[in-house]
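For the numbers below, each heavy atom of this structure counts, side chains included, while hydrogens, waters and symmetry mates do not. Numbered from 1 within each chain, the chains take letters A, B, ... in sequence-line order.
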Number of protein chains: 2
Amino acid sequence: MILLDYKDRRPIYEQIVEKLSDLMVRGVLTENTPLPSVRSLAADLSINPNTVQRAYIELERQGYIYSLKGKGSFVAGMDHITKQKQADILAAFGSAVEKARAAGVTADDLCSEVRRLYAAGNQAQKAVSDHLTISNYGGNADD
Amino acid sequence: MILLDYKDRRPIYEQIVEKLSDLMVRGVLTENTPLPSVRSLAADLSINPNTVQRAYIELERQGYIYSLKGKGSFVAGMDHITKQKQADILAAFGSAVEKARAAGVTADDLCSEVRRLYAAGNQAQKAVSDHLTISNYGGNADD
DNA sequence: CAAACTGTATTAAAACGATTAGTACAGTTG
DNA sequence: CAACTGTACTAATCGTTTTAATACAGTTTG
């Protein structure tokens, strides 16, 4: 399940959006997989259902999920998701690059850093994905 | 002068910290240059002096400036500033890289993006620095 | 010295967003 | 029908940010 970070200054609903969309991109949540219901996720996280709903509304607005009244909320098509998430990520990446460039960091330095992080990250990857693993809900939207 | 972005969800004092430290790293504000007084910057930005003071307190805490009672606030030593800012920037960069890696973006893709942004950014750089230019206050801390 | 600046400190109120609480309605499922 | 689902709405609460209004201490300049 998701873990909330109360040290994070971002609002809870935004953390939920980020963590769930991460799980989709990582392939843990696949197309048409049902998400936990608004009320059950709220209970699991010990937060108000309204907060979860707000996160789901945002996820739907961004194209990560689709919701059916009376049925539930489900992971949207992976093609949309991948495009969306990678666009988000590249935008954030571009912003970080721009700041580094303005601060006098060279392109070579950044590329070295990229490769260093990739080398180091591959070993930590297993632990990270374990930590983010979401319980399997099973079932599909079109049951 | 600085421009505040009210669409930005971050608090005003934090925007001030970021923009002023940016100007220092870019070399627009150099060592011992006096910053606008708490009251005058507040007037320029049409905000409360307390908000500016909070930004200055934070800038001092992070080592970007030093303040002398009755005299004013001044840009700190560039060696401290550069180290501080580059550490901040590399941390943000590393976070962006990690997310991209998790989303399946290759290291080569990121490096290509870096070089593309550097090539494109060099032409936009003049416009950016123009936009961020701060009026010249003249004078030094040790007058 | 006096006026006009500086930074700094403090307390209270106001404003704003995030979150909670409670309720309600509509659709689905068994 | 009972128990789920998403959705909608209003009101209250809470924390942070910002404002407001002073006040005090040090510096500078006429």
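The phosphate of D/dT5 (OP1 or OP2) has a side-chain N or O of A/Ser37 nearer than 4.0 angstrom. B/Ser67 has no side-chain polar atom (N or O) that falls below the 4.0 Å cut-off from OP1 or OP2 of C/dT6. For the pair A/Lys71 and C/dT29, the criterion of a side-chain N or O lying under 4.0 Å from OP1 or OP2 is met. For A/Ser73, no side-chain nitrogen or oxygen approaches OP1 or OP2 of D/dT5 to under 4.0 Å.
Using a cut-off of 4.0 Å between Lys/Arg side-chain N and Asp/Glu carboxylate O, A/Lys19 and A/Glu14 are scored as not salt-bridged. For A/Arg115 and B/Asp108, the salt-bridge test passes: some basic side-chain N is under 4.0 Å from an acidic carboxylate O.
Between A/Tyr13 and A/Tyr56, a ring centre-to-centre spacing not shorter than 6.0 Å is recorded.
Between the C1' atom of C/dT19 and the OH atom of A/Tyr56 lies a distance of 17 Å, rounded to the nearest Å. Atom CG of A/Asn48 and atom C1' of D/dA8 are 14 Å apart (whole Å). Atom CG in A/Leu68 sits about 20 Å away from atom P in D/dC4, given to the nearest Å. In this structure, CZ of B/Arg10 is placed 11 Å from P of D/dT18, rounded to the nearest angstrom. Atom CD of A/Glu60 is separated from atom C1' of D/dA8 by 14 Å (rounded to the nearest Å). The distance between atom CG of A/Leu41 and atom P of D/dT5, rounded to the nearest whole Å, is 11 Å. Distance, A/Arg39 CZ to C/dA26 C1': 11 Å, rounded to whole Å.
At distances below 3.5 Å, at least one donor-acceptor pair connects side-chain atoms of B/Ser21 with backbone N or O atoms of B/Glu18. Side-chain N or O atoms of B/Gln86 include one that pairs as donor or acceptor with a backbone N or O of A/Ala103 at under 3.5 Å.
Checking A/Tyr6 against A/Gly70, the closest nucleotide of DNA chain C that is more toward the 5' end is the one next to A/Tyr6.
The shortest non-hydrogen separation linking B/Ile81 to B/Ala76 is CD1-O, 3.5 Å.
Residues B/Leu23 and B/Val75 fail the side-chain proximity criterion, which asks for heavy atoms closer than 4.5 Å.
Candidate nucleotides D/dT19, C/dT20, C/dA24 were compared by shortest atom distance to the side chain of B/Ile47, and D/dT19 ranks first. Comparing C/dT20, D/dT19, C/dA26 against the side chain of A/Lys69 picks out C/dA26 as the nearest.
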Please write out the pairs of protein N or O atoms and N or O atoms of nucleotides 9-18 of chain C separated by less than 3.5 Å, giving the distance to one decimal.
unit_1: C/dA18; atom_1: OP2; unit_2: A/Arg54; atom_2: NH2; d: 3.1

